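Side chains included, hydrogens not; waters and symmetry mates left out as well; all remaining heavy atoms used. All values reported here derive from a predicted model rather than from experimental measurement.
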Amino acid sequence: MPASSAAFGLPQSLLVLGGTSEIALATARRLIARGARTVWLAGRPSPALDQAAEHLRTLGADTRTVAFDALDPESHESVLGKVFTEGDIDLVLLAFGILGDQAHDERDPVRAVRVAQTNYTGAVSAALVAARALQSQGHGSLVVLSSVAGERARRADFIYGSSKAGLDAFAQGLGDALHGTGVHVMVVRPGHVRTTAMAGRDRIPLATTPEAVATAIELGLRRRSEAVWVPGALRLVMTALRHVPRALFRRLPL
């Protein structure tokens, strides 16, 4: 095990909520290269989840899967509790979420609610369960994947953006509640991430990649950051956009 891993406080064990997320898997690969040796991938059972676990095993990590459904909060305590009974978890990465389809979802409230329940309600439940388990063991980090879309509602994605805005505010408050307990909460706010699902779409300024987000997460863990923007320039951009008058903001090509 690399000596630098313990020196910088990087996790030796991690639980990924959203085990097929490209950002989460890029982060897991990076942390395995830094010395992580135990990985739990939590998600709906599927060939993709099994393949992701097998790939991480080839990198040297003891990787296991656990059935997890964001839309079934009643099961979260028992499902995640079983993971923690197997041993301490240094990092919980909350990486699940769905983009939805704004044009269709705003005409179909049931679909819109599914986006909100997955991205916010399910995340609130899972984060609280994970935070309590981390606090009980006396150490660990909870990394929550938010989004720059949550910084200000846009016409193009206000259903998704509002769910991430709620999650972002919740994670900040949870971090304050856990301050001084030994549990570290970090919110990660990527811009547009070029994943497989986004292949073929128009290029967007300040877009990023799963690998770049993983790099930022590692750096944030080393620094014990409370919030990380990816790329970092988005912090300045969104600070400016938050103060643009609403009438003008509506006309911006965002």
Side-chain angles (χ1 to χ4, degrees), residues 9 11 14-19 21 23-24 26-28 31 40 42-43 68 70-71 73 76-77 80 83-84 89-100 115-137 139-153 157-193 208 210 213-214 216-232 234-235 238-239 242:
L14 60 146
L15 166 60
V16 177
L17 304 179
S21 157
I23 293 174
T27 303
L31 294 177
W40 288 85
F68 170 82
L71 294 176
H76 291 175
E77 191 154 8
L80 301 185
V83 173
F84 279 87
I89 299 293
D90 297 328
L91 168 65
V92 177
L93 175 57
L94 198 159
F96 62 81
I98 56 175
L99 285 170
V115 173
Q117 289 178 330
T118 302
N119 295 353
Y120 180 70
T121 308
V124 165
S125 170
L128 287 173
V129 171
R132 186 166 61 248
L134 292 171
Q135 190 173 1
S136 293
Q137 69 183 23
H139 69 93
S141 294
L142 172 63
V143 174
V144 178
L145 285 186
S146 180
S147 171
V148 70
E151 285 294 295
R152 185 166 184 179
D157 65 355
F158 64 81
I159 295 173
Y160 170 78
S162 64
S163 70
K164 287 297 188 178
L167 175 61
D168 199 296
F170 166 80
Q172 291 180 63
L174 181 60
D176 291 339
L178 293 172
H179 181 71
T181 67
V183 180
H184 164 230
V185 178
M186 182 170 74
V187 180
V188 181
R189 301 180 183 125
H192 175 81
V193 182
T208 188
V213 179
I217 289 173
E218 180 194 343
L219 183 59
L221 290 171
R222 291 182 184 275
R223 293 176 172 174
R224 302 284 287 182
S225 301
E226 295 182 332
V228 173
W229 300 75
V230 193
L234 277 174
R235 181 172 189 171
M238 293 310 301
T239 297
R242 278 198 300 270

Worksheet item: Using 30° and 60° as the class limits, which term best fits the ring planes of F96 and F68: parallel, tilted or perpendicular?
Response: tilted
Heavy atoms from other residues, nucleotides or ligands near [atom1] of [X] exceed 12 (cutoff 6.0 Å):
| X | atom1 | result |
| --- | --- | --- |
| R152 | CZ | yes |
| E77 | CD | no |
| H139 | NE2 | yes |
| Q117 | CD | yes |

Atom pair [atom1] ([X]) and [atom2] ([Y]), whose distance is rounded to the nearest 0.5 Å:
| X | Y | atom1 | atom2 | value |
| --- | --- | --- | --- | --- |
| L94 | S146 | CG | OG | 10.5 Å |
| D157 | K164 | CG | NZ | 11.5 Å |
| L174 | L167 | CG | CG | 10.0 Å |
| S163 | I98 | OG | CD1 | 8.0 Å |
| T208 | W229 | OG1 | CH2 | 14.0 Å |
| H184 | L91 | NE2 | CG | 10.0 Å |

Item to complete: State whether a side-chain donor-acceptor pair under 3.5 Å links Q172 with D168.
Response: yes
Discussion item. Looking at every heavy atom in both P210 and A26, which two are closest together, and how far apart are they?
Written reply: O-CB, 3.7 Å
Worksheet entry | Q137 side-chain N/O to I89 backbone N/O, donor-acceptor pair under 3.5 Å | yes
Item to complete: Using atom types as modelled and distance alone, determine if a side-chain donor or acceptor of S162 lies under 3.5 Å from a backbone N or O of I159.
Response: yes
Discussion item. Does L134 form a side-chain contact (heavy atoms from CB on, under 4.5 Å) with T181? I'd like the steps, not just the answer.
Written reply: CA-CA 9 Å; L134 292 171; T181 67; over 6 Å; no
Item to complete: Would you mind reporting whether Y160 and S147 have side-chain heavy atoms less than 4.5 Å apart?
Response: yes
